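The shown structure was predicted, so the numbers you read here are calculated from the model rather than taken from an experiment.
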Amino acid sequence: MKSFAYYYYLFFLFMFVALTNLQIGSSDCDNLQDTCPAVPPKTQTIFINGLPCKNPANVTAQDFKTDELSNPGTADIFGASIKIVGAAEFSGLNTLGLSIGRTGIDRDGLDNFHYHPRATEMIFVSKGALIAGFIDTKNQIFQKYLRVGDVFVFPKGLFHFSLSHGFEDATFFSVFNSQNPGLVSLNPTYFDHTLESIEKLKRRIVSLSKLEVPDSSPELERIYS
């Protein structure tokens, strides 16, 4: 019969492994206090991995409210406007491991292929209809047709896209599990971005959305070919 010390050892080994995996799996470090509104980056005198906290005596309710997503950002050549609001713009998010975003896409516009190196993105469609998808490390594509009220997830570090595919502009709001998710997009200078080529890319995405099997598809390079 095994001794109590043996089971005691196994219990603490299990807890150590579990807690270690939780820490590794989390996107940002846990906060060590209730709140930590950020000092505006322009006034920083020291540089750390993140943003320093305001003096607790100066924290107000305004630090936890923002209207940054009230208006869309500037549209790019694909007809999409992406606005991401992290702790640098919304100080109350500091140390909470969150940021938010708003993307507007013109009718038949495209939120071109990009990824977020430090965060998973969850989107909520508030207007219009769109085709949203991502490509995994096995070059498989996963995409769905989304309507108002639908939610879709783009895993961390994977290329993803959204194509407005209704009779009006589309808008979706995002939540990221990092206060600084980052954004890496395919620079238009890397490929032919004439109007004809962009329309060809859209047609390829639409054709893929008609497939019954979502995990059988060409890789990113073939979509752009």
(message) Is there a side-chain contact between T103 and I123 in this structure, where contact means two heavy atoms from C-beta onward sitting under 4.5 Å apart?
(response)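 The answer is no, as the side chains (C-beta and beyond) never meet within the 4.5 Å cut-off.
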
(request) Decide yes or no for F90 and S99: does some side-chain heavy atom of the first lie under 4.5 Å from some side-chain heavy atom of the second? (result)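 No, their side chains stay 4.5 Å or more apart.
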
(message) For F154 together with F152, are the ring centres under 6.0 Å from each other?
(response)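 Judged by ring-centre distance (under 6.0 Å), F152 and F154 do meet the cut-off.
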
Treating [X] as the side-chain partner and [Y] as the backbone partner, does any N or O pair qualify as donor plus acceptor under 3.5 Å?
{"X": "D111", "Y": "A80", "answer": "no"}
{"X": "R102", "Y": "T171", "answer": "no"}
{"X": "D150", "Y": "R147", "answer": "yes"}
{"X": "T120", "Y": "K156", "answer": "yes"}
{"X": "H160", "Y": "I135", "answer": "no"}
{"X": "N94", "Y": "C36", "answer": "yes"}

Closest heavy-atom pair and its distance - [X], [Y]:
{"X": "N58", "Y": "D63", "answer": "O-OD2, 4.1 Å"}
{"X": "S81", "Y": "G73", "answer": "CB-O, 3.3 Å"}
{"X": "L130", "Y": "A132", "answer": "CD1-CB, 3.7 Å"}

(request) Kindly write out the residues that satisfy side chain to side chain donor-acceptor pair (under 3.5 Å) with S174, not counting sequence neighbours, or none if the list is empty. (result)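 Side chain to side chain donor-acceptor pair (under 3.5 Å) check on S174 returns E121.
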
Going only through I, L, V, M, F, W and Y residues with side-chain contacts under 4.5 Å, is there a path from [X] to [Y]?
{"X": "V151", "Y": "V148", "value": "no"}
{"X": "Y115", "Y": "I82", "value": "no"}
{"X": "F124", "Y": "F172", "value": "no"}

